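A short write-up of the structure that comes next.
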Amino acid sequence: MSNIDKATVAKIARLSRIKIEEDKLEPLAGELNNILGWVEQLEEVNTDNIEPMASVVDAKLRWRTDDVNDGDKQESVLKNAPRAEFGFFAVPKVIE
Amino acid sequence: MTYIIQGAHDDFEVVIGLEIHAQVTSNAKLFSGAATEFGAEPNAQVSLVDAAMPGMLPTINEECIRQAVRSGIALGAQINKFSKFDRKNYFYADLPQGYQISQFSHPIVGEGVVTVDLEGGKTKEIGVERIHLEQDAGKSMHDQHPQFTYVDLNRSGVALMEIVSKPDMRSPEEAAAYVTKIRTILRYIGSCDGNMEQGSMRADVNVSVRKHGEPFGTRCELKNINSVRFVRQAIEVEARRQVDIIESGGVVDQETRLFDPNKGETRSMRSKEEAHDYRYFPCPDLLPVEFDDDFIEAARESLPELPDAKKNRFMEELGLNDYTAGVLVAEKESADFFEVLVDALAKKAGKDAGKVAVKASNWLTGDLFGALNKASKTITESPVSAAQGADLLALIEDGTISGRIAKDVFEVMFETGKDAEAIVEEKGLKQVSDTGEIEKIIDEVIAANPGQVEQYRGGKDKLIGFFVGQVMKATGGKANPGVVNKLLKPKLDG
């Protein structure tokens, strides 16, 4: 049985840069446990000797040829950026 | 030679493993049609896929698959006909997707082995654990603005091969030799340009220390080292740091560190620590990569002669020694230059390549490399082409000029780019082999130096060198030394 506690929720939120209020952590842990518990019902099925499946349809990965046919659209790329300067995205300083 | 770090109480050995990130040579990116070329305007080579705009889907570039397979074959590695992509999740400003598409559980290339060349003609086999394909991230610039970090996504999505070694290296020298060899092989086959200054190749170095016979110690990962020299220095510094910690009773923490070449130290990158929880999972946007034996065979057939094979051929067929052959094959451009030089010279001189190869290699590694070095030029920037070099050497072969004069001619060639024959003609440097003319000069020299002649005839044999010198001087160095020697002795002996 999966067991996601409050601390785990806080950690995942931090890694994903999602702000979650302290009082929401406990309820979220409950919801996530419910979801995982639901998925875990699949473990009742015996999957010994069955290859993992990558797709439900019989499709192969499509390969593209090595041609440059995209890019050169700086304006579109930066259009939704909260801040852009000299063609760069300008983001809050990342301190190393 | 064993590399030992001497502590206050014990001797330690260093254990090194490397992850080399090599940019795949391709026109377009791994999953988009944006260009990969270096040096463009910021964000000008970015598709909406690379910028991770909602709803954009990746489509794999076949050339990147082919290049990874070629690289794997060149490293003698197992090629996996089935591989797949996973998402490696971490948050950083230059990673717009919030994850890197990489290969975690099923890489495209499995285990292989590389023979590295060490000092004194020694070699060592270093294991390759795997090669996988992954996306590069964008580039952050932290020093352009007081409050902001500038992000350029031109590199975002460019294909990288991550080549992971086994922890088989035991000295900074071995690690440096390994990086050098991988770089040479990839440059030979053209799957990576190996340009470390432009970031096309960089290495993460895992370093740990242990007393002899003990299990592996705790390792630290030194990130993003961008030259062979720094690989060497970073290992030296880091191994010493770890030994000092252990000897003073401390414990080495497993962590990511940064090598600062200016200060000659490594320091912790604490900010990256929690990023290590990558939460890998299969990338739902991409089906597995699958190909057949024909695809592998076609990749194999497209490979040129590899450096080790070339070196053996230079030694066995052309009679070069181990050292010279090693120098010539280290850079593909040098090896190519040498082959054109030898072929042209053999043709011009009407001799077997094996008969002229050593002379050609001596001239190339001595005269030309020396001049290039002095002028800070690479072989591809050489003002003297291989064909021109062959012309010069052919003039020595057929006796038109002496080896001594050839050095002067070469200097003019290097400066002006002119052909050897034109310079010899212009400056009247043709070697004098006409016995009559040389005889006349010898007679004059003997007549002008009666004292030395007497001493010579009195038993001072060594004075013959003096007479040769005088004759050469009188002819401006143009007399054929062979002819001079032949004619001089009988005349002196009277």
Side-chain angles (χ1 to χ4, degrees), chain A residues 2 4-5 7-20 32 35-36 39 42 47 50-96, chain B residues 26-29 31-37 40-51 53 59-66 84 89-94 96 98 138 140-142 144-154 258 269 271-272 274-275 277 279 282 286-290:
Chain A
S2 56
I4 302 224
D5 58 11
T8 309
V9 177
K11 187 185 168 197
I12 298 168
R14 164 88 186 117
L15 287 171
S16 315
R17 300 299 190 278
I18 296 171
K19 186 178 179 184
I20 293 173
L32 289 172
I35 293 169
L36 288 175
V39 174
L42 288 173
T47 54
I50 295 178
E51 287 286 310
M53 186 174 63
S55 169
V56 290
V57 289
D58 185 21
K60 294 264 180 231
L61 181 67
R62 189 167 72 80
W63 296 10
R64 66 186 299 141
T65 52
D66 185 27
D67 300 319
V68 175
N69 53 19
D70 205 344
D72 199 16
K73 49 173 66 129
Q74 190 199 60
E75 206 177 314
S76 312
V77 166
L78 295 173
K79 194 172 170 190
N80 294 308
R83 190 179 183 113
E85 288 177 6
F86 310 112
F88 293 96
F89 290 91
V91 303
K93 194 132 190 139
V94 182
I95 296 155
E96 273 299 318
Chain B
S26 63
N27 301 318
K29 294 182 180 181
F31 295 118
S32 86
T36 59
E37 214 170 308
E41 284 289 299
N43 293 305
Q45 294 178 168
V46 180
S47 80
L48 299 181
V49 177
D50 310 317
M53 291 299 168
T59 317
I60 196 157
N61 181 342
E62 63 180 15
E63 178 65 6
C64 301
I65 300 175
R66 202 178 73 88
K84 62 187 198 64
N89 300 278
Y90 66 93
F91 182 90
Y92 203 73
D94 56 23
S140 299
M141 295 159 81
H142 306 292
Q144 304 291 306
H145 191 285
Q147 278 103 46
F148 298 100
T149 290
Y150 284 168
V151 178
D152 173 11
L153 297 182
N154 281 348
L258 190 77
M269 295 171 76
S271 61
K272 292 259 175 183
E274 65 180 10
D277 190 349
R279 296 152 290 145
L286 289 158
L287 289 161
V289 180
E290 292 174 276

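The shown structure was predicted, so the numbers you read here are calculated from the model rather than taken from an experiment. Letters go in sequence order (proteins before strands), and every chain restarts at 1.
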Legend entry - Region of B/Glu62 in contact with chain A, defined by heavy-atom distances below 4.5 Å: both
Legend entry - Region of B/Ala93 that comes under 4.5 Å of a non-hydrogen atom in chain A: side chain
Inset, instruction - Nearest 0.5 Å please: distance from the CG atom of B/Leu153 over to the CD atom of A/Gln74. - result: 11.0 Å
Legend entry - Interface moiety of B/Thr59 toward chain A, non-hydrogen atoms closer than 4.5 Å: both
Inset, instruction - List the atom of A/Val68, the atom of B/Asn27, and the distance in Å for their closest heavy-atom pair. - result: CG2-O, 3.4 Å
Inset, instruction - Verify the neighbour count for atom CD of B/Glu290: are there more than 12 heavy atoms of other residues, nucleotides or ligands below 6.0 Å? - result: yes
Inset, instruction - Find the distance between CZ (A/Arg17) and OH (B/Tyr92) and round it off to the nearest 0.5 Å. - result: 10.5 Å
Legend entry - Contact winner vs chain A - B/Ile65, B/Val49, B/Asn154, heavy-atom pairs under 4.5 Å: B/Ile65
Legend entry - Which portion of B/Pro146 sits near chain A, non-hydrogen atoms under 4.5 angstrom: backbone
Legend entry - Part of A/Ala81 lying under 4.5 Å from any heavy atom of chain B: neither
Legend entry - For chain B, the option from A/Asp72, A/Leu61, A/Thr65 that forms the most heavy-atom pairs under 4.5 Å: A/Leu61
Inset, instruction - Looking only at non-hydrogen atoms, find the nearest pair between A/Trp63 and B/Val289 and report the distance. - result: CZ2-CG1, 4.2 Å
Inset, instruction - Show your reasoning for whether side chain to side chain contact (heavy atoms under 4.5 Å, CB included) applies to A/Asp70 and B/Lys29. - result: CA-CA 10 Å; A/Asp70 205 344; B/Lys29 294 182 180 181; over 6 Å; no
Inset, instruction - Without swapping roles, check the side chain of B/Thr149 against the backbone of A/Val94 for a donor-acceptor pair under 3.5 Å. - result: yes
Inset, instruction - Under 4.5 Å heavy-atom distance to chain B, tell me which part of A/Asn69 shows up: side chain, backbone, both or neither. - result: both
Inset, instruction - Any chance you could lay out the side chain to side chain contact (heavy atoms under 4.5 Å, CB included) test for A/Asp66 and B/Arg66, step after step, and finish with the verdict? - result: CA-CA 11 Å; A/Asp66 185 27; B/Arg66 202 178 73 88; over 6 Å; no
Inset, instruction - Let me know if A/Lys60 has heavy atoms under 4.5 Å from chain B in its side chain, its backbone, both or neither. - result: both
Inset, instruction - Quick one: closest heavy-atom pair of B/Asn61 and A/Arg64, and the distance? - result: CA-CG, 3.5 Å
Inset, instruction - Please say whether more than 12 non-hydrogen atoms of neighbouring residues, nucleotides or ligands are located less than 6.0 Å from CD in A/Glu85. - result: yes
Inset, instruction - Identify the two heavy atoms, one from B/Phe148 and one from A/Lys93, that lie closest to each other, and give their separation to 0.1 Å. - result: O-NZ, 3.8 Å
Inset, instruction - Could you give me the CA-CA distance, side-chain angles and deciding distance for A/Phe89 and B/Asp94, then say whether side chain to side chain contact (heavy atoms under 4.5 Å, CB included) is met? - result: CA-CA 9 Å; A/Phe89 290 91; B/Asp94 56 23; over 6 Å; no
Inset, instruction - Might you point out which heavy atoms bring B/Pro42 and A/Phe86 nearest each other, and give the distance in Å? - result: CG-O, 3.5 Å
Inset, instruction - Taking all non-hydrogen atoms of both residues into account, name the closest pair between B/Leu287 and A/Ser55 and its distance. - result: CD2-CB, 3.3 Å
Legend entry - Atom group of B/Pro288 that falls short of 4.5 Å from chain A, counting heavy atoms: both
Inset, instruction - Using a 4.5 Å cut-off on heavy atoms from C-beta on, say whether the side chain of A/Pro52 contacts that of B/Lys84. - result: no
